[in-house]
*Asks:* 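I'd like to ask some things about the structure below.
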Number of protein chains: 2
Amino acid sequence: MAKRASHDKAECPVARTVDIIGDEWSLLILRDAFDGLRRFGEFQKNLGLAKNILATRLRHLVAHGILEHAPASDGSAFHEYVLTDKGRDLFHVLVGLRQWGEHHCFQPGEPHSVLVDAQKGQPVRPLEVHAHDGRRLDATDAVVKKVSEQKPRAKR
Amino acid sequence: MAKRASHDKAECPVARTVDIIGDEWSLLILRDAFDGLRRFGEFQKNLGLAKNILATRLRHLVAHGILEHAPASDGSAFHEYVLTDKGRDLFHVLVGLRQWGEHHCFQPGEPHSVLVDAQKGQPVRPLEVHAHDGRRLDATDAVVKKVSEQKPRAKR
DNA sequence: GAAATTGGTTTCAAAATGAAACCACCCAGG
DNA sequence: CCTGGGTGGTTTCATTTTGAAACCAATTTC
């Protein structure tokens with residue numbers, strides 16, 4: 001009776017995404033993956049989570065094509081977990097989480113890690129949402145149009 | 001012994017953010033809040049989650065200053081939950097989740113809701129990460145600089 | 001060839017979740 | 001003013017998930 005809710009068939013893309021990566025450990029695993037971590041032991045050590053939990057999360061991310069479980073690049077017989085293209089496309093999400101945290105989760109002057117442009121070492125710009133015509137949008141300028149409200153497509 | 005992990009003192013802003021909003025229901029509540037939902041019953045009906053869970057999540061979001069529990073705007077004696085400025089700053093995160101889902105969680109031709117510019121009705125542009133100097137960056141162009149690697153600040 | 005490291009799985013207790021029952025307050029109608 | 005229904009929860013209890021630790025097989029190192 002207490003089955004865990006699933007949103008994998010929702011019409012809302014946010015719900016489907018959240019259904020896949022919307023938990024604490026998955027997001028932190030992805031953060032570490034973007035940071036270059038690859039090996040089971042690296043994730044486990046860096047995150048400090050139980051190995052069974054890590055194993056299930058990695059399996060899940062691999063099953064959804066976000067990570068790939070490939071032979072280790074160091075020539076050993078072990079394997080490693082690397083971001084796929086699909087996984088790399090989560091970059092914006094992680095940047096968004098990071099920038100919000102930088103802005104709202106630290107005291108003034110409290111040090112935190114920073115995301116910088118690898119070439120110049122300068123911090124990246126805050127994310128912005130832009131309209132199709134280039135105007136900058138904030139939350140009140142954008143609305144969700146449900147499927148039922150969308151214009152029926154031209155034929156074909 | 002099975003205490004839930006906490007990252008509220010991490011030096012990584014992603015970890016702190018995820019610690020606060022990194023769960024399925026909180027993210028979906030926020031999605032609905034951006035969509036204009038305000039009342040307890042609206043959230044409960046739209047999300048279909050148990051009332052006790054909703055109550056704890058809302059309390060948590062209010063405690064962290066993301067939602068505000070204010071008297072209802074319709075003049076009744078009830079209250080409603082509205083995004084604070086801090087909460088509205090999560091817009092980019094939700095947009096990121098949405099765009100990834102649009103791109104990766106639907107079959108070609110499968111309908112989904114769309115985030116559009118309220119003025120013109122056009123879909124919003126995909127998010128982009130830009131360097132300080134305006135160059136567009138992808139995941140491989142950006143690196144996290146840990147606190148320990150940062151230049152000690154000039155005096156003062 | 002032995003010992004340590006890696007990458008897990010298994011086991012079990014503790015914590016979180018979910019469904020349903022319950023309850024207090026507000027509000028509308030008569 | 002009384003009553004019935006809607007709103008916004010809290011409580012209770014069963015089920016599920018998590019987390020810690022023990023265990024284990026394969027690999028690598030010594």
Side-chain angles (χ1 to χ4, degrees), chain A residues 1-8 10 15 18-30 32-33 36-64 67-82, chain B residues 1-8 10 15 18-30 32-33 36-64 67-82:
Chain A
M1 268 180 193
K3 276 279 179 57
R4 212 253 194 64
S6 158
H7 306 278
D8 56 345
V18 161
D19 206 53
I20 297 172
I21 57 153
D23 74 282
E24 191 156 343
W25 289 126
S26 295
L27 289 166
L28 292 176
I29 289 166
L30 288 168
D32 281 359
L37 269 57
R38 294 161 163 259
R39 297 288 285 262
F40 186 93
E42 288 181 312
F43 288 109
Q44 206 248 318
K45 185 177 165 199
N46 196 54
L47 294 170
L49 84 175
K51 289 158 64 154
N52 51 347
I53 306 297
L54 177 57
T56 61
R57 289 297 190 281
L58 289 172
R59 235 193 322 269
H60 192 247
L61 292 171
V62 169
H64 283 278
L67 296 177
E68 189 185 0
H69 195 200
S73 51
D74 63 3
S76 76
F78 296 118
H79 286 238
E80 60 188 19
Y81 296 89
V82 294
Chain B
M1 266 181 193
K3 276 279 179 59
R4 214 257 193 62
S6 158
H7 306 278
D8 57 344
V18 161
D19 207 53
I20 297 171
I21 57 153
D23 74 282
E24 191 156 343
W25 289 127
S26 295
L27 289 166
L28 292 177
I29 289 166
L30 288 168
D32 281 358
L37 269 57
R38 294 161 164 260
R39 297 287 285 264
F40 186 94
E42 290 182 310
F43 288 110
Q44 206 247 318
K45 186 176 163 200
N46 195 55
L47 294 170
L49 85 174
K51 289 157 68 154
N52 50 348
I53 307 296
L54 177 57
T56 61
R57 288 298 189 282
L58 289 172
R59 232 192 324 268
H60 192 245
L61 291 171
V62 169
H64 283 278
L67 296 177
E68 190 184 0
H69 196 201
S73 52
D74 62 3
S76 75
F78 295 118
H79 286 237
E80 59 188 20
Y81 295 89
V82 294

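Within every chain, numbering begins at 1; the chains are lettered A, B, ... in the order of the sequence lines, protein sequences first and strands thereafter.
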*Asks:* Would you indicate which nucleotide in dT28(D), dG18(C), dC27(C) comes nearest to any side-chain atom of Ala50(B)?
*Replies:*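 Closest nucleotide to the Ala50(B) side chain: dG18(C).
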*Asks:* For Ala33(A), which residues count as a side chain to side chain contact (heavy atoms under 4.5 Å, CB included) partner, sequence neighbours excluded?
*Replies:*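 Phe43(A), Leu67(A), Leu83(A).
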*Asks:* Who are the salt bridge (charged side-chain N to carboxylate O under 4.0 Å, His left out) partners of Asp74(A), not counting sequence neighbours?
*Replies:*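 Expected list: Arg39(A).
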*Asks:* With Lys45(B), which residues qualify under side chain to side chain contact (heavy atoms under 4.5 Å, CB included), at least two apart?
*Replies:* none
*Asks:* Find out whether Pro71(B) and Glu80(B) are in side-chain contact, i.e. whether some heavy atom of one side chain is under 4.5 Å from a heavy atom of the other.
*Replies:* no
*Asks:* Just jot down the side chain to side chain donor-acceptor pair (under 3.5 Å) partners of Asn46(A), sequence neighbours excluded, or say none.
*Replies:*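 So Asn46(A) forms a side chain to side chain donor-acceptor pair (under 3.5 Å) with Asp32(A).
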*Asks:* Strictly distance-based, threshold 3.5 Å: is any side-chain N or O of Gln44(A) a donor or acceptor partner for the main-chain N or O of Leu54(A)?
*Replies:*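 Looks like no, no N/O pair under 3.5 Å.
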*Asks:* Can you sort out which residues in residues 18-25 of chain B have a heavy atom within less than 4.0 Å of DNA chain C? Ascending by number, please.
*Replies:* Trp25(B)
*Asks:* To the nearest 0.5 Å, how far apart are CG in Leu49(B) and OG1 in Thr56(B)?
*Replies:* 8.5 Å
*Asks:* Need to verify one output field. Residue with the more 5' nearest nucleotide on DNA chain D, Ile53(A) or Ala77(A)?
*Replies:* Ile53(A)
*Asks:* Quickly work out the Asp74(B) CG to dC26(C) C1' distance and round it to whole Å.
*Replies:* 12 Å
*Asks:* Check the distance between dG8(C)'s C1' and Arg57(A)'s CZ and give it to me in whole angstrom.
*Replies:*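 Value for this atom pair: 16 Å.
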*Asks:* By ring-ring contact (aromatic ring centres under 6.0 Å, His included), which residues pair with His69(A), not counting sequence neighbours?
*Replies:*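 In terms of ring-ring contact (aromatic ring centres under 6.0 Å, His included), with neighbours along the sequence ignored, His69(A) is linked to His79(A), Tyr81(A).
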*Asks:* Given axes from five pairs at either end, by how many degrees does the helix from dG1(C)-dC30(D) to dG30(C)-dC1(D) bend, rounded to 10°?
*Replies:*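 The value is 20°.
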*Asks:* To the nearest angstrom, how far is Leu49(A) atom CG from dT17(D) atom P?
*Replies:* 17 Å
*Asks:* Return a table of donor-acceptor pairs under 3.5 angstrom between the side chains of residues 22-29 of chain B and protein atoms on other chains or two or more places apart.
*Replies:*
from: Asp23(B); atom 1: OD1; to: Ser26(B); atom 2: OG; distance (Å): 2.5
from: Asp23(B); atom 1: OD2; to: Trp25(B); atom 2: N; distance (Å): 3.2
from: Asp23(B); atom 1: OD2; to: Ser26(B); atom 2: N; distance (Å): 3.2
from: Asp23(B); atom 1: OD2; to: Ser26(B); atom 2: OG; distance (Å): 3.4
from: Asp23(B); atom 1: OD2; to: Arg57(B); atom 2: NE; distance (Å): 2.7
from: Asp23(B); atom 1: OD2; to: Arg57(B); atom 2: NH2; distance (Å): 3.3
from: Glu24(B); atom 1: OE2; to: His7(A); atom 2: NE2; distance (Å): 3.4

*Asks:* Indicate for each nucleotide in nucleotides 5-13 of chain D, in 5' to 3' sequence, whether protein heavy atoms under 4.0 Å reach the base (B), only the sugar-phosphate (S), or nothing (-).
*Replies:* --SBBBBB-
*Asks:* With side chains defined as the heavy atoms from C-beta onward, is the minimum distance between Phe40(A) and Lys51(A) less than 4.5 Å?
*Replies:*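 Heavy-atom side-chain distance check passes, below 4.5 Å.
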